[in-house]
Each structure stands twice: as structure tokens, then as C-alpha cells.
Amino acid sequence: MSKVLIVAEHLDGRLNASTARCVTAATALAPQAIDILVLSDAPDAVAAQAAALAGVATVRTVARPENAHALAAVLAPQVAAAAAGYSHLFGPSTTFGKDLMPRVAALLGVAQVSDLMEVVDARTFKRPIYAGNAIVTVTAPADAVVVATVRTASFAAAGTGGSAGVEPLALDVALPGHTRFVGLAAGKSDRPDLQTASRVVSGGRALGSADAFSIIYSLADRIGAGVGASRAAVDAGYVPNDMQVGQTGKIIAPELYIAIGISGAIQHLTGIKDAGTIVAINKDAEAPIFEIADYGLVGDLFKLVPELEAALAG
Amino acid sequence: MKILVGYKRVVDYNVRIQVRPDGTGVVTDGVKLSPNPFDEIALEEALRLREKGLAEEVVVVAIAPADAQAHLRNGLAMGANRAIHVVADGPVQPLTAARVLLKLVEREQPGLVLLGKQAIDDDANQTGQMLAALWDRPQATFASKLELDGQVARVTREVDAGLETIEVDLPAVVTTDLRLNEPRFIKLPDIMKAKSKPLETVPMAELGAEAGDFLGHGPYAPPARRSKGVMVKDVAELVAALKAKGLV
Ligand SMILES: Cc1cc2nc3c(=O)[nH]c(=O)nc-3n(C[C@H](O)[C@H](O)[C@H](O)COP(=O)(O)OP(=O)(O)OC[C@H]3O[C@@H](n4cnc5c(N)ncnc54)[C@H](O)[C@@H]3O)c2cc1C
Ligand SMILES: Nc1ncnc2c1ncn2[C@@H]1O[C@H](COP(=O)(O)O)[C@@H](O)[C@H]1O
């Protein structure tokens with residue numbers, strides 16, 4: 001029987017929605033128990049949120065001042081120590097999980113399944129490779145713990161209403177001092193979070209400047225959407241890096257995705273494959289984005305986007 | 001200081017990947033191979049550190065089949081001082097790559113190891129983190145800025161929440177994100193010069209690294225295809241369609 005430990009991602013006392021998605025992935029294993037590990041300097045608030053997730057048996061907390069920031073080198077030895085007795089160790093395929101979980105896997109001397117997108121059985125999983133252009137089935141050996149990062153866009157978030165027990169965990173591990181947190185410059189925004197928003201509007205290189213991006217924000221605000229961008233728009237400095245959607249940015253699965261002035265390079269498309277409905281606005285009728293868009297509209301975005309916003313106001 | 005750079009050969013990012021009809025893998029015969037884009041960024045960063053006088057030697061490493069010599073010459077032409085070709089029969093998984101790199105680290109004693117954040121074939125995003133763990137040294141992944149100050153590196157990392165800055169003691173492993181720099185183009189005379197630079201060939205078995213290819217792979221399948229949708233003629237038609245679906 002499987003027993004799963006999920007490493008919680010959190011920031012400023014709030015549990016990241018990716019953790020609830022890992023719970024759903026773990027549920028697919030039909031395990032004996034799903035536990036959540038919260039590493040923090042002050043874990044109580046996050047532990048309470050984790051305990052409320054449906055399907056969770058126990059939340060284990062490790063409170064240490066060194067855990068104030070998510071430094072992989074500091075967290076990994078604790079996660080490796082906490083893994084004893086578990087058959088599966090899951091983390092989200094976010095920058096947090098991607099940074100941490102391979103370090104844990106190496107400490108345990110096991111391989112890692114990256115971007116787990118489907119559970120076939122307790123040892124067999126599907127994952128994307130080549131920017132999502134191929135899906136490979138991977139099989140983990142029976143005699144070792146399975147360490148995986150979960151492709152969050154592939155799993156719905158588990159619901160709440162659970163009431164798991166919260167247990168402090170005492171781990172006797174020495175932590176390194178060679179890695180120190182300096183600061184986080186977080187993009188402050190009142191808009192819905194890109195990774196969990198049900199609607200996302202993205203802009204590409206065609207916007208041409210940071211100022212011009214305001215029409216994207218304005219449309220997004222009209223429909224309560226999160227805002228994303230192509231790599232070209234980020235590289236050109238129109239928007240910050242945390243807005244990049246794609247192979248090397250965020251993989252998202254909103255119900256509605258509107259791509260504006262984005263050509264549809266394969267590296268971008270891999271980030272939106274699981275979106276419900278894709279709308280594309282592009283002046284080039286031959287743009288590859290139209291090959292995957294549910295609704296395509298050819299024309300100049302500087303004319304069409306304000307028109308669209310106005311039409312949605314009515 | 002010496003910098004060790006991971007320099008993996010992968011299918012070029014412009015190639016349209018095809019899964020073999022029998023599901024045994026993807027088509028790689030006759031397909032264009034290139035350095036992993038993130039590794040070109042790693043090499044570029046190493047060269048810039050050397051040009052600033054912060055490093056003396058840049059060594060590129062590839063774990064790759066015997067026919068990868070030209071690939072390593074490419075890294076030498078871009079500016080590396082020397083290359084190490086660890087000859088493997090086929091692709092190796094990240095844990096094996098990390099164990100092999102650790103053997104080279106023990107031998108070469110670099111002050112910094114620069115790897116890509118991910119190889120665009122397996123998209124694993126693991127090797128740097130694994131190497132750092134096995135080496136018991138710091139890691140700074142997804143770097144978009146790297147500053148060296150004596151025995152400390154200050155690294156800005158591209159994380160989901162924005163830009164995080166950390167400080168790590170050297171030696172350390174740093175993995176590169178796309179915005180760290182823009183790799184230089186290789187000039188013709190440099191290709192000639194590269195021919196006389198040292199390129200060491202080591203059979204992987206000789207390094208004595210434990211194998212770590214623990215995951216079975218296959219079958220391979222193409223991704224589920226999104227069906228092509230419809231073109232609408234104007235904004236009104238688009239809004240009507242979205243309203244009908246209850247999306248706006
Ligand atoms: C290793 C690697 C990883 C990458 N990772 C990512 C990633 O994560 N995410 C990502 O997005 N990219 C990624 N890329 C880059 C990707 O290959 C493309 O270069 C990028 O997505 C292009 O962005 P774009 O569509 O905004 O720009 P372009 O390709 O330049 O497209 C601009 C589009 O706007 C249209 N247009 C221009 N003017 C107008 C107008 N007035 N009205 C309407 N339409 C107009 C044009 O017809 C064109 O289709 C990666 C590349 C590599 C090599
Ligand atoms: N076979 C290899 N040869 C050289 N470097 C490698 C190899 N495999 C992985 N690496 C390095 O590790 C990085 C991450 O690879 P991966 O973990 O496979 O996504 C790559 O960008 C390379 O810098």
C-alpha cells in the first residue's frame with residue numbers, strides 16, 4: 001500500500017494552491033494515507049490550511065528559524081529525514097518544488113519523476129518531454145521511494161472540509177549555513193494569480209512596449225482575469241519575468257485563455273495545452289497559434305482589444 | 001578559479017519532434033542537434049566571468065556518445081579553454097549525470113559549476129540540484145543574475161513569485177535561466193583555433209561513478225492534440241461565442 005508525503009509550498013503564512021493539486025495527484029494512487037509536511041519558522045497557520053484539505057490524514061510540521069525562507073539546501077535534508085516510512089514523496093512542479101525535490105531525491109539516492117501528469121499505477125506515471133511534444137511513460141523501481149514533482153496544471157485542486165490532525169515532527173538534522181536568503185522582489189498585483197486564475201489574458205511581442213501593455217491589463221480587469229505574457233514580451237522588458245507562460249515559465253490551465261499578439265511558438269503552447277478554451281488575436285492569419293485556438297480572430301490588436309473590452313462591458 | 005560548465009547536446013529547439021510510430025522513442029535520426037540553449041547561457045556566463053578576471057579557466061563537459069566531438073569543439077570555439085568528453089553509450093538520466101559530474105568535480109576542484117536549469121530534451125530540471133546535494137554544496141537554480149565577490153556568489157533567481165536573491169558560499173552549483181545573458185555567436189577564426197584546444201575523452205565507466213538510471217522509459221506517445229477551432233469574423237461573433245459557453 002502507498003503512503004504519500006507532500007511537501008507544502010507556502011509564502012507569508014499562506015498555503016500555495018499547488019499543494020491541493022498535489023493532493024489530487026496523490027489520491028490517484030489510492031493510497032493508505034496522504035500526509036503533508038510543512039517546513040517553516042512558524043508553521044501553524046499554513047498547517048491549519050493544509051489540515052483542511054479533503055483527503056489529508058496528518059499534517060506534520062517542522063518549526064525551525066532556518067525554515068523562514070524556502071532554501072532548498074536547508075529544507076532538503078529535513079525532507080529526506082521526514083521521508084522515512086513513505087512510499088511516495090510529492091512536491092509541486094513550481095519553482096519551489098523544482099528547486100527542492102531533486103536535491104531530496106539525490107540525498108535519498110533515488111531518481112525523480114519530473115512533471116508527473118498522470119498516474120497509471122503506484123509506480124507508473126506519464127510525463128511530458130521535449131516541451132510537451134512527446135509523453136513518456138516512466139516506471140519507478142519497486143524497492144525505493146518515488147520522488148516526484150507534480151505538474152499542477154494536470155490536476156484539479158482538492159477540496160476543503162477535511163480535518164486532519166497536526167503533529168509536530170522533531171528531526172535531528174544539521175542544517176547548512178552556506179546558503180542565505182537576501183530578498184524577494186515579488187510582483188505586487190491585485191489581479192488573480194496567474195497559476196490559479198480561471199481566466200488569463202496574455203500579451204506578446206506585438207504589444208511593442210510596457211506602456212502598450214495597459215490595454216492587456218485593462219481587458220483582463222474587465223473580465224477578472226490574470227495576466228500572462230510570452231517570453232518575447234518578458235525579454236523585451238514589457239512585463240516582469242513572473243508573468244511568462246510556457247515551457248520555461250508557468251504551465252497553466254485556465255478555463256479561458258486569450259492570447260494577444262502571440263505567434264504560438266511551441267515553447268509557449270506547452271504552457272497552455274490544458275486550457276479550456278483558447279482565443280487568439282493576431283494580425284497574421286497564418287500564425288501557428290490559430291492551429292490550436294478554439295476561436296481565432298485576425299486583425300490588429302490595437303483596434304480589436306479595445307473593441308473587445310467595450311463589447312464585454314455591455 | 002576554475003569553472004566547470006555542463007554542455008549537453010540535444011535535439012535543436014526548432015525541430016518538430018515526432019514520436020516513432022512504434023512508441024519506442026522520438027525520431028532522432030537525421031535530426032539537427034545543438035547545444036542545450038541553457039548550457040550556451042551557462043558557457044557564456046563563465047566566459048564573461050573569465051573576461052572580467054574572476055576566473056582563469058573554463059572547462060566544458062558533455063556526457064555523450066562517441067560522435068559528440070564536434071559538439072565539444074563548438075564549446076571550445078565559443079571560448080572554453082578545454083573540454084572533457086565523457087563517452088556514454090546513450091542518454092544518461094539526471095542522477096547518473098550528477099554522479100558523473102561529481103567525479104569530475106572531485107578531480108577538477110572547480111570554484112563554480114554552471115549548468116543549465118533544464119535540458120530541453122528530457123525537460124528534467126534535476127541535474128544541478130542533484131549534483132549540489134551529492135557534493136554537499138550550495139545550489140542557486142534559475143539564475144538571472146550572478147555576481148561574484150570573493151568566496152561568495154550573489155544570485156538573483158527567477159521564481160514564481162518574482163525575483164529572489166540569495167547568497168551562497170563557493171564552491172557552488174548555479175543553474176541558468178534564459179535571461180541571464182545572450183550567448184555570443186561563434187566566429188569562423190575561433191572554429192579554427194578550437195581545433196588545437198585540449199579535448200579529453202574519458203569512457204564513462206572509467207570515472208567509477210555509480211549508475212543512477214533507475215527509471216524505466218516507454219512507451220512514448222504523441223500528446224493529446226487540441227482540435228482546430230473556428231475563425232470568427234469580428235469581435236461581436238467572438239463575444240457571442242464566449243457568452244454562449246458561459247466563459248464571459
Ligand atoms: C529554450 C527555450 C525556451 C523558451 N521558453 C519559452 C516560454 O516559456 N514561453 C514563451 O512564450 N516563449 C518561450 N521561448 C521563446 C519562443 O520560442 C518564442 O520566441 C516566443 O514565444 C515568441 O513570443 P511572441 O509570440 O510574443 O513573439 P513573436 O513570435 O514575435 O510573435 C508576435 C506575433 O504578434 C503578431 N502581431 C504583430 N503585430 C500585431 C498587431 N498589431 N496586432 C495583432 N498581432 C500582431 C505577429 O503576427 C506575431 O504572430 C523559448 C525559447 C527557447 C529557445
Ligand atoms: N549528458 C549531459 N552532459 C552534460 N551536461 C549535462 C548532461 N545532462 C545534464 N547536464 C547538465 O544539467 C543540466 C540540466 O539537465 P536536466 O536535469 O537533464 O534537465 C543541463 O542543462 C546540463 O547543463
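Just so we're on the same page: letters track the sequence lines, and every chain starts at 1.
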Residue selection (most heavy-atom pairs with chain B, distance under 4.5 Å) from [options]:
options                               : value
A/Ala131, A/Ala73, A/Ala105, A/Ser114 : A/Ser114
A/Ile281, A/Thr277, A/Leu256          : A/Thr277
A/Thr137, A/Ile129, A/Asp115          : A/Thr137
A/Leu308, A/Thr248, A/Leu304          : A/Thr248
A/Glu255, A/Gln244, A/Met101          : A/Gln244
A/Val234, A/Thr94, A/Val74, A/Thr139  : A/Thr139

State whether the number of non-hydrogen atoms from other residues, nucleotides or ligands found under 6.0 Å of [X] atom [atom1] is greater than 12.
X        : atom1 : value
B/Glu210 : CD    : no
B/Arg184 : CZ    : yes
B/Asn14  : CG    : yes
B/Asp22  : CG    : yes
A/Lys303 : NZ    : no

Structural part of [X] lying under 4.5 Å from a heavy atom of chain A:
X        : result
B/Val10  : neither
B/Pro223 : both
B/Val15  : neither
B/Leu131 : neither
B/Ala221 : both
B/Lys117 : side chain
B/Val230 : both
B/Ile166 : both
B/Asp213 : neither
B/Phe142 : side chain
B/Gln118 : side chain
B/Val26  : side chain
B/Tyr13  : both
B/Arg225 : neither

Can you check whether [X] reaches [Y] side chain to side chain, under 4.5 Å on heavy atoms?
X        : Y        : value
A/Thr149 : B/Asn125 : no
B/Met231 : A/Val298 : yes
A/Gln247 : B/Ile120 : yes
B/Asp234 : A/Glu307 : no

Between [X] and chain B, which part of the residue has a heavy atom less than 4.5 Å away: side chain, backbone, both or neither?
X        : answer
A/Ala293 : backbone
A/Asp193 : neither
A/Leu269 : neither
A/Leu194 : neither
A/Val110 : backbone
A/Arg231 : both
A/Ile272 : backbone
A/Pro240 : neither
A/Ile223 : side chain

When [options] are compared by non-hydrogen pairs under 4.5 Å with chain A, the top option:
options                               : answer
B/Leu238, B/Val232, B/Thr127          : B/Val232
B/Pro138, B/Pro94, B/Gly162           : B/Pro138
B/Gln93, B/Arg99, B/Gln18, B/Arg157   : B/Arg157
B/Ala133, B/Ala172, B/Ala140          : B/Ala133
B/Thr156, B/Asp177, B/Leu242          : B/Leu242
B/Val159, B/Val235, B/Ile17, B/Asp121 : B/Asp121

Distance-only, no hydrogens or angles: does the [X] side chain make a donor-acceptor pair with backbone N or O of [Y] under 3.5 Å?
X        : Y        : answer
A/Asp294 : B/Gly229 : no
A/Arg199 : B/Leu247 : yes
B/Gln139 : A/Asp99  : yes

Original post:
Going through the checks in order, is the side-chain hydrogen bond (donor to acceptor under 3.5 Å, both in side chains) test met by B/Thr141 and A/Lys98?
Top reply: CA-CA 9 Å; B/Thr141 52; A/Lys98 288 175 179 174; over 6 Å; no
Restricting to non-hydrogen atoms, name the atom on [X] and the atom on [Y] that form the minimum distance, rounded to 0.1 Å.
X        : Y        : result
A/Arg103 : B/Ala132 : NH1-CB, 3.2 Å
A/Gly109 : B/Phe214 : O-CE1, 3.4 Å
B/Arg16  : A/Glu291 : NH2-OE1, 4.3 Å
A/Leu184 : B/Ala161 : CD2-CB, 4.2 Å
B/Leu215 : A/Ala111 : CG-CB, 3.8 Å
B/Asp123 : A/Arg127 : O-NH2, 3.3 Å

Original post:
Are A/Asp235 and B/Arg179 close enough, and set up right, to give a side chain to side chain contact (heavy atoms under 4.5 Å, CB included), and what steps lead you there?
Top reply: CA-CA 7 Å; A/Asp235 282 0; B/Arg179 277 171 284 275; 2.7 Å; yes
Original post:
How would you list, by chain and number, every residue that makes a salt bridge (charged side-chain N to carboxylate O under 4.0 Å, His left out) with B/Glu167, sequence neighbours excluded?
Top reply: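 If we apply the salt bridge (charged side-chain N to carboxylate O under 4.0 Å, His left out) test to B/Glu167, skipping adjacent residues, the hits are A/Arg180, B/Arg154.
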Subject >> Contacts with chain A made by residues 103-112 of chain B (heavy-atom distance under 4.5 Å), listed by residue number >> reply: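 Hits under 4.5 Å: none found.
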